[in-house]
Structures are given as C-alpha cells and as structure tokens.
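Chain letters run A, B, ... following the sequence lines, proteins first and then strands; every chain starts at 1. The figures here come from the full heavy-atom set of this structure, side chains too, leaving out hydrogens, waters and symmetry mates. For clarity, every value in this text was computed on a predicted model and none was experimentally measured.
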There are 2 protein chains.
Amino acid sequence: MGIVERKQRQREEVRDGILRAAWALVQEEGWQSLSIRKIADAIEYSVPVIYSHFENKDAILQEFTKEGFRKLNNALDESGAQEKNPAAGLMLMAKAYWHFAFQNKEYYQLMYGLGMPTCEKVRQVPELSKFTDLLHGAVKNLITNSKNAETDSFLKFHTFWSMLHGLVSINMVERTACPDSLHELVLEDAVRGFIKNIQD
Amino acid sequence: MGIVERKQRQREEVRDGILRAAWALVQEEGWQSLSIRKIADAIEYSVPVIYSHFENKDAILQEFTKEGFRKLNNALDESGAQEKNPAAGLMLMAKAYWHFAFQNKEYYQLMYGLGMPTCEKVRQVPELSKFTDLLHGAVKNLITNSKNAETDSFLKFHTFWSMLHGLVSINMVERTACPDSLHELVLEDAVRGFIKNIQD
DNA sequence: TATTAATTATAACAGTGTTAACAAAATCAG
DNA sequence: CTGATTTTGTTAACACTGTTATAATTAATA
C-alpha cells in the first residue's frame, strides 16, 4: 500500500510550499524582512514544521542561493552556445551575466551577500562624493594625457571603480590558500589592462 | 560659568564611548552580532542613553561608514601624491584602494553592504564550481586562440569574474537616473578592454 | 477498538531594536 | 539653604526575531 509514498509526497509538497511562500515574501518585502514566522503564517502551518524540513533559516536561504547559481549557469550556458568567435562569445557571456543579475536582483543579492547599500543610504554619506572625485580625477588625468582625450571619463571612472570593488569583494570571499602575491597579480593585471585600453 | 560647556564635553565623551565600545565589539564579534544592548553594557549606561546620542542603530553604523570613507580617502590621497606619471599614479591608487580594503576589512564590509558570504558558506554551494568552470572555460578559450597561449588562465578568469561582479554591484547601488544604455556601455567597455589585453 | 507511532501545535527561551513612563540628580530661583 | 524645574538616566514594556522542549492531536498498526 502506497501510504508511505503518499506521506513522502505530502512532505515534499509542504517543503515546496515553504520555498514558494518564502519567495513570495521576498519579492514583496526583500530578504531582510523574511522571517520564519511569516513563512509559517503563509503556509498555514506552525513554526516547528518549517524546522522539520530545514535545519534553520540559513538552510532556506542556501536553497535559494543554489537555485540562483543554477539559473545563472543556465543563462551563461545558453548565451554563447552558437558563437564560434571566442572574443564575441566572452562578450555574450558577460552580457548574459549582467542581465541575469538585474533581472534576478533578489537572487543576485543573496548569492553575493545580502545587504547591498541602498541608493538613499549612499546619498547620506557625503564622504562618498570626495571619494568619487578622487578616483574620477585620477582617471581624467590619465585620459587627458592620452591620445584619445575625448574619452568619456565618467564612464571610465565607473569601470575603474567597479573593477576595484569587484576584485576586492571576490577575493574577500575566495581567501583560500592562494598567496597574497597572486591576488596582487590579478589586481596589477586588471589595472594594466584598464590603462592600456585607455591609452590605446 | 562654563557648566554648559562641561555638559557638552561630557555628552561628547559618552558619544565617543559609544563609538569606541561599538568598534571594540565589532572587532571581537563582527558587525552581525553588534547590538545596542551590548554597547550599553560596555559603556555601563542604560539602553535609552544610546538613543539620546544616535537616532537608531543605523545611525551608528553610518558613522562608521563615514569614518571608513574618510580613511579610504586619506589612503588614496597619499598614494599617488608625488607620482607624476598618470598611469603609474592610477596603479598606485588602485593598490592603495586594495590595501585599504584588506587592512580594514570591517570598514570595507560595512561600506559596501554587510553580509559578505564567508568561505565556508561558499564551499557549501556546489553550483559555484560549475559556474567557475563555465567562466573559466570561456576565458581559456579566448587565451588559447590568442598569440599568448601561455597566459595564466586562472588569473584572467579571476580578473574577469571580479570585473563582472564589480560592475554589477556598483551599478546596483548607483541606480540613479542614468539610462540603462550607459550602464551597458560601461560593461562593453570593460569587457573589450579585458579582451584586448589578452589578445595584445 | 486499543495501542503505538508520526505529526503538528502551544508556549517558552533568549535574543533583537525601540520607546513610553517613571525615578534620580543636577541646576536654578527665591 | 530650601523648593521648584529642568536635565539625565533607568526600568519595563512592546513587538519583533530564530530556535526548541513539551504537550496535544492525528493517523497507522496490532
């Protein structure tokens, strides 16, 4: 008699319900305000039921992190599938990554650590504008002394800042056995590429 | 009589005490576990005293964010001071940025949004290794079909990933009135630079 | 149908940020 | 120096949070 199978099925239905409810709540109010009690309310079960399906709240979030990487992987897989030129393929991949991030903001934020500072918060830190000036100034300086003095310096500054932050945050996560020297190589390599690209 | 001055002075001492205690707690246990009650305990005052100095917990964190940017600005200021060559100056600046981030990890994490995923958490997501393979593969592909086939593909992959993540996260924060087209320009520009740098 | 096992709920613990209501201390006026 | 007033600080609560021990209910078995 398939009563154990039915039970298994029902268990999985509840599990799916938890994840679906969590996702709905996240879309409404963001990750920050997701709580076990809200999920329990939504699926019309008591709180401990959730703990019989997931060890803790982190385990639920990790489920979405996995799902996020699955989705990203699919997007990347499809992006450069028929493209033969490696350079063009890489560009397509970059764009696929980009579009995934912005079309799946909630996923991306979870995958790379929640609390992204919001626009309003950033604007309340005046020190940031001085920082912006500093970096932007240095980039402008490089552009002025190059062949293509008409290059959009704001665009280049943005690229430069992004590069730096990306290098830092990826390496903060990936602090494996790699020696510091390798990380420094990555930085130098990226900046050299950036400079060369400006100077032509 | 300078009693109002003395009161003002005492008030500021308490305020400083709050910030100092908060900082000490952060260094011991990280931002995540910083609480108003712990600060109150540390300064040997009751909780509401803290609220008479800061509107809420966020205001305290924002104080440190400001301080962080001040420190970063100083580091950047000093970095390329005597360097005349713009390209060399930019490189020095990049390194200064880098070293600030890693020598002031707590500040950097707060400045760019708290929850950076820890190494352990990252390792628990197997999907990440497929993602790694995808991106690494594309980069390898580009390198193989270039003049310098002996280029370190792992290093370049790292650079590429960092660039992408940096672009995304900076633009997620800076979602101002800028049209999407400009953001796409930044991405294309950065990737083109990366490719050109590989192809020589 | 009675007994045992699986399932679900209640209620609590130990935290969190925040604030209203109250007590103590310091200052000022007479 | 005493009494009223303002400032300062504390207690205790509210409304949450994640997590879990205990108890009640329901379902499957003998």
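- Formation of a donor-acceptor pair under 3.5 Å by the A:Lys38 side chain with backbone atoms of A:Ser33 is found in this model.
- Taking the side chain of B:Lys57 as heavy atoms from C-beta on, and the options C:dT18, D:dG18, C:dT8, the nearest nucleotide is C:dT18.
- A:His53 places its NE2 atom 11 Å from the C1' atom of C:dT8, with the value rounded to the nearest Å.
- Between A:Phe64 and A:Glu106 the shortest side-chain heavy-atom distance does not fall below 4.5 Å.
- Closest approach to the B:Pro48 side chain among C:dT8, C:dA20, C:dG17 is made by C:dA20 (side chain taken as heavy atoms from C-beta onward).
- Rounded to whole Å, the distance from CD1 on A:Ile60 to P on D:dG18 is 9 Å.
- Going from atom CG of A:Asp41 over to atom P of D:dC16 covers 11 Å, rounded to whole Å.
- Between the C1' atom of D:dT10 and the CD1 atom of B:Ile43 lies a distance of 13 Å, rounded to the nearest Å.
- At a cut-off of 3.5 angstrom, counting only N and O atoms as typed in the model, there is no donor on one side facing an acceptor on the other between the side-chain of B:Arg37 and the base of C:dG15.
- Expressed to the nearest 0.5 Å, how far CG of B:Asp152 lies from CG of A:Asp189 amounts to 9.0 Å.
- Listed nucleotides: C:dT19, D:dT19, D:dT17. Nearest to the side chain of A:Ile36: D:dT19.
- Nucleotide D:dT17 holds its P atom 11 Å from the CG atom of A:Leu25, rounded to whole Å.
- Atom CD in A:Gln32 sits roughly 15 Å away from atom C1' in D:dC16 (whole-Å rounding).
- The side chain of A:Tyr45 lies closest to C:dA9, out of D:dG9, C:dA9, C:dG17.
- Judged by closest nucleotide on DNA chain D, B:Val47 is the one of A:Val47 and B:Val47 placed further toward the 5' end.
- Atom pair A:Gln10:CD and D:dA27:C1' shows a separation of 11 Å (rounding to whole Å applied).
- Rounded to whole angstrom, the span from the CG atom of A:Leu34 across to the P atom of D:dT19 amounts to 12 Å.
- Considering every non-hydrogen atom in both B:Val26 and B:Leu34, the closest pair reads CG2-CD2, 3.9 Å.
- Residue A:Ser46 has no polar side-chain atom (N or O) positioned under 4.0 Å from OP1 or OP2 of C:dT8.
- Between B:Arg11 and B:Arg15 the shortest side-chain heavy-atom distance does not fall below 4.5 Å.
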